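First up is the structure itself, then whatever we jot down about it.
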Amino acid sequence: MVAPARTPLRPDRLRALNLPSAVEVGLDTWGRPMWVRESADEEGAEGERGRDADERGVEEVLEEWRIDDEWWRTPIHRRYVEVVLEGGAHVVLFEDVMTGEWYMQQP
Amino acid sequence: MQGLTSEHAACLWIPLFPLRCEEERRPDLVGRPTALLAPEDSRRIWQASPLARRQGVQPGLTVSQAIGLCPTLALLEPDPVFYDEQFARLLLRLEQVSPVIEPAELGRAYVGVDGLEGLYGSPLRQLEIIERAAEADERGARLGWARGKFAAWVAATRAKPGEPVIVTDEARATFLQAQPLAVLPLDADDHRRLQQLGLKSLGDFTALPEAAVTAQFGRSGRAAWRLAAGRVDEPVRGQIRPQPIVATLDFPSPVADGGMLAHTIGVLIEHALRDPRRTGWRVQAARVRAALEQGASWMIEVLLKDPAALRERILPPLVTRLEQTPPTGAVERLTVEFTAFARGTDELQLFARDAVAAARAGRHRALRAAAREIHQRLKRHMLYRVIEVQPWSRLPERRYALIAFEP
């Protein structure tokens with residue numbers, strides 16, 4: 001990182017870094033991620049969603065943990081899973097326990 | 001002029017160029033043992049003055065070792081941005097002598113001299129002109145003249161300040177054969193191996209079969225052999241520079257007001273700066289021409305102390321000249337012309353090789369200059385820095401943020 005320029009920080013000029021992006025995640029019978037799809041796809045026959053070119057398999061699950069925080073504000077309940085995807089990408093997936101939606105971001 | 005070449009070359013070499021630059025801006029250093037810290041490792045010595053070397057200080061030593069050898073050693077933080085700027089100005093002055101200029105490294109440049117005998121005369125006279133144009137006489141410059149860059153460089157290494165070495169075409173082969181192996185462009189390992197073979201001169205080296213040298217030393221060995229044998233002449237290749245960039249305005253009615261002329265010059269400068277041909281170049285010299293009423297004309301020129309790509313830095317010297325020598329009549333047409341350029345901030349010490357090599361002292365200057373130019377060209381911030389917000393947070397998106405880099 002560049003050394004600070006000693007100019008005062010302006011919170012209105014901050015841009016978020018590493019924002020989570022919504023993804024679809026396929027789970028196995030134990031609830032562990034098997035594949036991750038980053039873009040919206042079309043449903044196949046009889047409503048089934050098969051793997052397509054935007055989908056990547058999960059090669060290894062490194063770590064799992066849970067965060068329950070900020071009950072005094074907007075409660076945060078997330079189940080994190082750190083994985084290695086097909087192709088070697090090292091990412092963090094988390095499930096928003098309240099909504100059931102999955103997100104992906106960098107570790 | 002674009003893409004010109006020259007078979008014959010003059011090599012201008014200023015040893016320890018960064019140290020010389022420091023001595024010029026700090027005359028109190030002259031006569032003292034001095035050393036520059038390495039840009040990429042401030043614990044090591046990069047360059048040492050002759051006085052420091054006599055006391056054992058060598059490049060690569062740690063600071064503590066150097067101080068132990070020379071307690072009065074003056075250590076200097078390097079300023080690569082400043083050295084690049086000084087070298088760029090040197091190259092610009094050399095372009096007054098010849099349009100074919102090829103920089104090699106900081107402090108070393110080749111001047112294409114084909115065709116200069118008609119202008120300046122003998123090779124010795126050409127070198128005198130070059131030395132004077134480069135203002136290099138007080139910097140300990142060495143000058144060499146020969147066919148091909150390699151021979152010219154070797155000649156420069158044999159020269160002394162004020163005593164150039166000129167190698168005629170007829171004497172070139174004999175001259176090269178007698179030179180030591182150290183002049184060959186090979187890495188340290190190859191040089192060591194050549195010494196272990198008992199070779200001392202280029203003559204010994206070229207006595208070996210080319211195929212054998214290639215087999216042992218590969219492509220670089222073959223290239224060195226061909227240079228030493230005079231089989232290859234590396235011509236000087238001039239830098240490709242953009243043609244002058246011109247912006248013109250015709251006034252509906254002639255204008256004599258100095259303020260209006262200054263404002264118009266500023267507008268024309270902005271227009272010319274946006275020319276796509278200027279991409280990657282900063283303006284070194286600018287000219288303002290005017291067509292006056294009744295057919296007269298007027299012109300002013302400035303050579304910028306520091307090349308610039310900002311209106312705020314190009315306009316003031318032109319306005320000063322305008323005030324000193326105003327047009328003698330009302331102006332019907334005003335033209336701003338950028339006539340000389342230097343490499344732009346995209347090559348300045350910011351990314352690629354320079355990010356690694358940039359010293360702490362020079363890095364902020366380079367970033368500030370780049371940020372200003374980007375903002376001026378694109379009208380918004382494009383450079384950001386990462387700041388810690390809540391690095392302890394368990395939520396990754398809260399740990400760091402981007403903020404616009406403001407110099």
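Note that the coordinates shown come from a computational prediction; the quantities given were computed from them, not determined experimentally. Within every chain, numbering begins at 1; the chains are lettered A, B, ... in the order of the sequence lines, protein sequences first and strands thereafter.
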* Under 6.0 Å from the NE2 atom of B:H263, do we count more than 12 heavy atoms belonging to anything else shown? ->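 No, not enclosed.
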* When you look at NE2 of A:H77, are more than 12 heavy atoms from neighbouring residues, nucleotides or ligands closer to it than 6.0 Å? -> yes
* **Derivation of the side chain to side chain contact (heavy atoms under 4.5 Å, CB included) call for B:R394 and A:D69** => CA-CA 10 Å; B:R394 295 184 294 166; A:D69 207 345; 3.1 Å; yes
* So which pairs with a foot in residues 74-85 of chain A pass salt bridge (Lys or Arg N to Asp or Glu O under 4.0 Å), sequence neighbours left out? -> A:E64-A:R79, A:R78-B:E397, A:R79-A:E95
* Heavy-atom side-chain proximity of A:F94 to B:P396 below 4.5 angstrom ->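 A:F94 vs B:P396: side chains apart.
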* Structure fact -> Tightest non-hydrogen contact, residues A:L17 and B:Y400, listed as CB-O, 3.5 Å
* Structure fact -> For A:E101, the salt bridge (Lys or Arg N to Asp or Glu O under 4.0 Å) test, sequence neighbours excluded, returns none
